[in-house]
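Every chain is numbered from 1, with letters handed out A, B, ... down the list of sequences. Note that the structure is predicted; figures quoted are calculated from it, not measured.
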Amino acid sequence: MPELPEVEVLVRHLAPRLKNKMIRGIHVRRARVLRPTRPAALRRMLTGSRFVNLVRRAKYLCFMLQRADGGTFLLIGHLGMTGRMFLQPADAPLPKHTAVALDLGGENFVFEDTRYFGRFTLDTSMQGRLGPEPLGDGFSFEYFTHALKRSAQAIKVKLLDQSLVAGLGNIYACESLFHARVSPRLAACKLTRAQRERLWSAVRRTLADAIRFGSSMPLDWPGTGELDGLFYYGRAAGATGPQEPLRVYDRQGQPCPVCQTPIRRIVQAGRSTFYCPRCQQI
DNA sequence: CACCATGTTCCTTG
DNA sequence: CCAAGGAACATGGT
């Protein structure tokens with residue numbers, strides 16, 4: 001479900017709603033998502049702590065908490081493929097695939113994840129392996145050029161490498177390559193300067209546009225509404241608005257929005273890639 | 001039954 | 001040592 005834009009929109013939604021709230025208790029229904037933190041350790045740290053801030057790093061949610069004694073620490077969340085996080089009234093039943101729920105008094109903060117690939121942990125070690133934020137200053141054109149220079153791997157696969165640039169997933173990697181008119185099969189070191197410039201810009205524009213899109217409508221955070229679809233941005237009941245602006249992802253066989261050539265699906269590094277074979281030639 | 005799914009990590013192979 | 005590929009994780013949809 002979540003790539004950088006979905007996590008960003010979620011963080012903006014949750015941050016003001018969690019700020020200063022105290023955790024009264026914690027239910028761990030699926031200890032696997034805590035790895036390597038143990039349930040007792042998480043309970044000891046969280047119970048009695050308050051949320052002081054929430055920020056996004058790549059696809060991770062970084063909850064900053066403060067204990068009663070004043071000490072602060074980080075809780076790291078990741079939505080995996082199917083995770084959701086939302087607040088619901090204390091008397092509402094927890095969803096079937098609730099992994100963790102935090103008792104905030106009048107409401108529960110729920111981490112629900114059908115496939116349980118997500119994380120809810122005190123382990124921060126993955127942060128050191130992440131590349132720069134694609135929308136930040138660290139992801140300069142010079143950095144991008146240097147990072148692609150010596151790799152013969154397909155550019156699509158490189159865009160999914162979180163140590164190169166952190167936050168792109170399968171959807172936005174495909175969409176960015178389409179916007180840049182670069183073939184996903186092109187070896188990273190074979191991109192021309194013009195192609196690198198287009199792709200560098202397209203990555204940033206595609207992500208920024210998705211954040212804007214996700215921010216522009218009321219969203220169905222628990223995903224229980226009928227309009228919940230492929231994407232995190234299931235519209236809240238009764239909401240109207242533009243269609244999700246994906247041009248090639250999950251559209252194999254459908255006409256390219258630019259040239260009408262059927263969109264093609266191939267497999268790279270075990271993941272589907274969608275592209276227009278005419279607009280994105282090698 | 002088959003195959004597919006927004007992600008990450010681990011293991012094997014070269 | 002590194003790069004690349006594949007399987008595993010777990011559940012549900014088509």
Practice task
Under 4.0 Å between any heavy atoms, over every strand shown, what does A/Phe117 touch: base, sugar-phosphate, or nothing? Just pick one.
Solution key: base
Practice task
Report the distance from atom CZ of A/Arg129 to atom P of B/dT8, rounded to the nearest whole Å.
Solution key: 12 Å
Exercise for the section: Using the six-membered ring wherever Trp is involved, compare the ring planes of A/His13 and A/Trp221 and label them parallel, tilted or perpendicular (cut-offs 30° and 60°). Expected result: parallel
Practice task
Check every strand shown and say whether A/Gly169 touches a base, only sugar-phosphate, or nothing at a heavy-atom separation below 4.0 Å.
Solution key: sugar-phosphate
Exercise for the section: Would you mind telling me which residue lines up with the more 5' stretch of DNA chain C, A/Ser151 or A/His97, judged by nearest nucleotide? Expected result: A/Ser151
Practice task
Determine the contact category for A/Arg30: base if any of its heavy atoms lies under 4.0 Å from a base atom, sugar-phosphate if only primed atoms, P, OP1 or OP2 are that close, otherwise nothing.
Solution key: sugar-phosphate
Problem - A/Arg17 backbone acceptor or donor facing A/Lys21 side chain under 3.5 Å - result: yes
Problem - Whether A/Ser215 side chain and A/Ile211 backbone form a donor-acceptor pair below 3.5 Å - result: yes
Handout entry: Candidates B/dG7, B/dT9, B/dC4 - which lies nearest the side chain of A/Arg265
Key = B/dC4
Exercise for the section: Could you check A/Arg181, A/Arg247, A/Arg185, A/Lys156 and say which one makes a side-chain contact (heavy atoms from CB on, under 4.5 Å) with A/Tyr275? Expected result: A/Arg185
Problem - Exam field: side chain A/Arg198 to backbone A/Ala180, donor-acceptor pair closer than 3.5 Å - result: yes
Handout entry: Span of DNA chain C, from the first to the last nucleotide whose atoms fall under 4.0 Å of chain A heavy atoms
Key = C/dA4 to C/dG12
Problem - Whole-Å gap separating P (B/dG7) and CG (A/Asn170) - result: 6 Å
Problem - Length of the NZ-P vector between A/Lys59 and B/dT8, whole Å - result: 4 Å
Practice task
In whole angstrom, give me the gap between the P atoms of B/dC10 and C/dA10.
Solution key: 14 Å
Handout entry: Closest listed nucleotide, where the reference is the side chain of A/Met126 and the choices are B/dT8, B/dT9, B/dG7
Key = B/dT9
Exercise for the section: Pick the C1' atom in B/dA5 and in C/dA4, then give their distance to the nearest Å. Expected result: 23 Å
Problem - Donor + acceptor pair across side chains of A/Asp123, A/Ser125 (<3.5 Å) - result: yes
Practice task
Sort out the partner of C/dA10 for me: Watson-Crick or G-U wobble, both distances under 3.5 Å, none otherwise.
Solution key: none
Practice task
Decide whether a cation-pi geometry holds between A/Arg32 and A/Tyr116; the criteria are a distance under 6.0 Å from NZ or CZ to the six-membered ring centre and an angle within 45° of the ring axis.
Solution key: no
Enumerate all atom pairs, one protein N or O and one N or O from nucleotides 10-14 of chain B, separated by less than 3.5 Å.
none

Problem - Whole angstrom value for the distance that separates C1' of B/dA5 from OH of A/Tyr172 - result: 16 Å
Handout entry: Salt bridge present between A/Glu133 and A/Arg57 (N-O < 4.0 angstrom)
Key = yes
Exercise for the section: Mark yes when over 12 heavy atoms from residues, nucleotides or ligands other than A/Arg43 sit less than 6.0 Å from its CZ; otherwise mark no. Expected result: yes
Practice task
Check the distance between B/dG7's C1' and A/Leu160's CG and give it to me in whole angstrom.
Solution key: 10 Å
Problem - Between C1' of B/dT8 and CG of A/Leu168, the distance in whole Å - result: 15 Å
Fill in the blank from the handout: Atom CG of A/Leu246 and atom P of B/dA5 are separated, to the nearest Å, by 15 Å
Fill in the blank from the handout: Rounded to whole Å, CG of A/Asp113 lies from C1' of B/dG7 at a distance of 10 Å
Exercise for the section: Using the P atom as the reference point in each nucleotide, state the distance between B/dT8 and C/dC1 in Å, no decimals. Expected result: 25 Å
Problem - Exceeds 12 heavy-atom contacts within 6.0 angstrom, atom CZ of A/Arg35 - result: yes
